[in-house]
A.B. asks: 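Okay, here's the structure, questions in a sec.
All ligand and atom numbering here is 1-based and tracks the order in the structure. For the single chain, residues carry numbers from 1 onward in sequence order.
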Amino acid sequence: MATPIVEMDGDEMTRILWKMIKEELLEPFVELNTEYYDLGLEHRNETDDQVTVDSANATKKYGVAVKCATITPNAARMDEYDLKEMWKSPNGTIRAMLDGTVFRTPIIVKGIEPCVKNWKKPITIARHAYGDVYKNTELVIPGPGTVELVYTAADGSETREKVMDFKGPGIAQGIHNLDGSIESFARSCFNYALDLKQDLWFATKDTISKKYDHTFKDIFQSIYEEEYKEKFETAGITYFYTLIDDAVARVMKAEGGFIWACKNYDGDVFSDMVSSAFGSLAMMTSVLVSPQGYYEYEAAHGTVQRHYYKHLKGEETSTNSVATIFAWSGALRKRGELDGNQELMAFADKLEKATIDTIESGKMTKDLALITTLENVTVLNSADFIKAIRAELEK
Ligand code: NAP
Ligand code: MG
């Protein structure tokens, strides 16, 4: 590896898996070159969260990062880790610095069948990670009166739009988005579709929301025509826009194999729908792609706290490491692509194949054993599952 990847270590059970994956599946096969950042909560607290900022800056420098799941502190964690402050979500900090879009793709194996029987290929959700209802301002309207939207321009001039003449109590909400953020979202989606050579779908409710949602539609359309149309035609893929309710109906009837770009709230809702319909959050990869072409790979699940506490008590755990393994293989493959390193790309393919073959041969963790259609299943603990993959990889 001529260029390092940025390695962001994390917390709890996933931190334990992280070490095992490196020792069993990576270091014996690859001369790993990483720049290590410890995003474990203790070290974030020691460095006043500077380590998170440093790791995001390193990602801008090297272009590729792999991240372990991390704790987002809440009140209980303040006591548990004796924190100086309730540090922000590392994912939020990194996302804000890289200005990206999050793409989530299910990992498909034989024996873990999607609930939607015609889904034969993965459906990747691309979620816009800025604005709308996640940065809203709300009012409880106690009684009769008028609610207006007021825009005060830099020169002091005002534009007003009436929301409602309330005759009695009710509620109101103001939301916004930024052209710049929507443009980044669009470019990340178009680039990722070209990367995966898959069709891109996008949907909003522009017939009802004639300015807000229509702006999303228009920005996507003009960036597509000006920058991507020819590239899409050359790659043999299409960009398809439709209304959100039509998109949902079509997704249910489709066989998969495309990217579905979603506004922030739609992405929140539909990524959980798609991941649970495909089987498990532990079989879901997640990558943050910035418009400048920086990539950060991670698992879609959290630190699996419940299993960690069992582990601390010396009890056996059966935690699924597949999404974390695929975060590594994704990052190594991307590093290989960017550096023209064929061997590294080939290793990423082999690691993924060994992982899938292990499960398809009936060796899996408990979460999958509960939902598989395979017979003669062997349920393995966290460490033995990784060792079984190593045996397959060595073959
Ligand atoms: P979680 O870690 O995703 O786990 C929730 C439950 O899902 C687990 O208790 C387990 O169910 C199941 N599960 C998730 N991943 C699994 C795996 N790999 N193998 C087997 N089962 C798995 O969510 P959480 O417990 O709500 O959150 C724990 C911590 O993670 C929190 O501090 C949160 O802030 C953090 N978090 C981080 C990220 C991130 O860094 N990207 C994302 C989400 C949450 P059973 O207990 O039934 O076996
Ligand atoms: Mg959600």
A.B. asks: Tell me whether Lys334 forms a cation-pi arrangement with Tyr297, defined as NZ or CZ under 6.0 Å from the six-membered ring centre and within 45 degrees of its axis.
C.D. replies: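 Negative - Lys334 is either too far from the ring of Tyr297 or too far off its axis.
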A.B. asks: Tell me which protein heavy atom sits closest to atom 9 (O) of ligand 1, plus the residue, atom name and distance to 0.1 Å.
C.D. replies: Arg306 CB, 4.0 Å
A.B. asks: For Tyr134, is the NZ or CZ atom of Arg127 found under 6.0 angstrom from the centre of its six-membered ring and inside 45 degrees of the ring axis?
C.D. replies: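 Arg127 over Tyr134 ring: yes.
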A.B. asks: Under 3.5 Å, N or O to N or O, is Ser318 touching ligand 1 that way?
C.D. replies: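 In this structure, Ser318 places no N or O atom under 3.5 Å from an N or O of ligand 1.
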A.B. asks: In terms of atom number and element, which parts of ligand 1 are under 4.0 angstrom from non-hydrogen atoms of Thr72?
C.D. replies: 32 (O), 34 (O)
A.B. asks: Verify the neighbour count for atom CG of Asp155: are there more than 12 heavy atoms of other residues, nucleotides or ligands below 6.0 Å?
C.D. replies: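 Enclosed: over 12 neighbouring heavy atoms sit under 6.0 Å from CG of Asp155.
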A.B. asks: Below 4.0 angstrom from a heavy atom of Ala69, which ligand 1 atoms are there? Numbered from 1 as shown, please.
C.D. replies: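 Close to Ala69: 40 (O).
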A.B. asks: Is it true that atom CD of Glu230 has more than 12 heavy atoms of other residues, nucleotides or ligands lying nearer than 6.0 Å?
C.D. replies: no
A.B. asks: From atom 12 (C) of ligand 1, is the closest protein heavy-atom distance below 4.0 Å?
C.D. replies: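 It does not: no protein heavy atom is found less than 4.0 Å away from atom 12 (C) of ligand 1.
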A.B. asks: May I ask whether atom 26 (O) of ligand 1 is less than 4.0 Å from at least one protein heavy atom?
C.D. replies: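 No, because not a single protein heavy atom sits under 4.0 Å from atom 26 (O) of ligand 1.
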A.B. asks: Are Ile108 and Leu281 co-members of a hydrophobic cluster defined by side-chain heavy atoms under 4.5 Å apart?
C.D. replies: no
A.B. asks: What protein heavy atom sits nearest atom 37 (C) of ligand 1, and how far off is it?
C.D. replies: Thr70 O, 3.0 Å
A.B. asks: In this structure, are over 12 heavy atoms from other groups packed under 6.0 Å from Glu233 atom CD?
C.D. replies: yes
A.B. asks: Find all atoms of ligand 1 within a distance of less than 4.0 Å from any non-hydrogen atom belonging to Thr319, and give their numbers and elements.
C.D. replies: 17 (C), 18 (N), 19 (N)
A.B. asks: For atom 14 (C) of ligand 1, what is the nearest protein heavy atom, given as residue, atom name and distance?
C.D. replies: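 For atom 14 (C) of ligand 1, the nearest protein heavy atom comes out as His301 CB, 4.0 Å.
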A.B. asks: Just to confirm my output: which protein heavy-atom neighbour is closest to atom 2 (O) of ligand 1, and how far is it?
C.D. replies: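 Nearest protein contact, heavy atoms only, for atom 2 (O) of ligand 1 is Val304 N, 2.7 Å.
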A.B. asks: Going by the order shown, which atoms of ligand 1 are within less than 4.0 Å of some heavy atom of Lys67?
C.D. replies: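 In order of numbering, the contacting atoms are 40 (O).
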A.B. asks: Give the numbers and elements of all ligand 1 atoms closer than 4.0 Å to a heavy atom of Glu298.
C.D. replies: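 What qualifies from ligand 1 is 41 (N).
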A.B. asks: Looking only at side-chain N and O atoms, does Glu352 offer a donor or acceptor that is under 3.5 Å from a partner on Ser329?
C.D. replies: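 There is such a pair (donor and acceptor under 3.5 Å, judged by atom type) between the side chains of Ser329 and Glu352.
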A.B. asks: How far is atom 1 (P) of ligand 1 from its nearest protein heavy atom, and which residue and atom name does that atom have?
C.D. replies: Gly302 N, 3.6 Å
A.B. asks: Please say whether more than 12 non-hydrogen atoms of neighbouring residues, nucleotides or ligands are located less than 6.0 Å from CD in Glu161.
C.D. replies: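 Count not over threshold, so no.
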A.B. asks: Taking non-hydrogen atoms only, is Lys366 closer than 4.0 angstrom to ligand 1 via side chain, backbone, both or neither?
C.D. replies: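 No part of Lys366 is near ligand 1 at this cut-off.
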A.B. asks: Could you check atom 29 (C) of ligand 1 against the protein and tell me its nearest heavy-atom contact, residue, atom and distance included?
C.D. replies: Thr303 OG1, 3.0 Å
A.B. asks: Counting only heavy atoms, which portion of Thr14 has something under 4.0 Å from ligand 1: side chain, backbone, both, or neither?
C.D. replies: neither
A.B. asks: Against Tyr224, only a single residue in Phe240, Phe190, Phe202 fulfils ring pair (Phe, Tyr, Trp, His ring centres under 6.0 Å); can you say which?
C.D. replies: Phe190
A.B. asks: Assess whether atom CD1 of Ile171 is packed by more than 12 heavy atoms of other residues, nucleotides or ligands within 6.0 Å.
C.D. replies: no
A.B. asks: Answer yes or no for atom 18 (N) of ligand 1: protein heavy atom present at a distance under 4.0 Å?
C.D. replies: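 Flag for atom 18 (N) of ligand 1 set to true, protein heavy atom closer than 4.0 Å.
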A.B. asks: Does NZ or CZ of Lys231 lie under 6.0 Å from the centre of the six-membered ring of Tyr228, at an angle within 45° of the ring axis?
C.D. replies: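 Yes, a cation-pi geometry holds between Lys231 and Tyr228.
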A.B. asks: Counting neighbours of CD on Glu42 that are heavy atoms of other residues, nucleotides or ligands and sit closer than 6.0 Å, is the number greater than 12?
C.D. replies: no
A.B. asks: In the protein, which heavy atom is nearest to atom 21 (N) of ligand 1, and how far is it?
C.D. replies: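 So the nearest neighbour among protein heavy atoms is His307 CE1, 3.8 Å.
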A.B. asks: Would the number of heavy atoms belonging to other residues, nucleotides or ligands and lying under 6.0 Å from NZ of Lys84 be above 12?
C.D. replies: yes
A.B. asks: Look at atom 5 (C) of ligand 1 and say whether a protein heavy atom is found at less than 4.0 angstrom from it.
C.D. replies: no
A.B. asks: Do you see a protein non-hydrogen atom under 4.0 Å from atom 42 (C) of ligand 1?
C.D. replies: yes
A.B. asks: Just need the protein heavy atom nearest to atom 31 (C) of ligand 1, so name the residue and atom and give the distance.
C.D. replies: Arg77 NH2, 3.9 Å
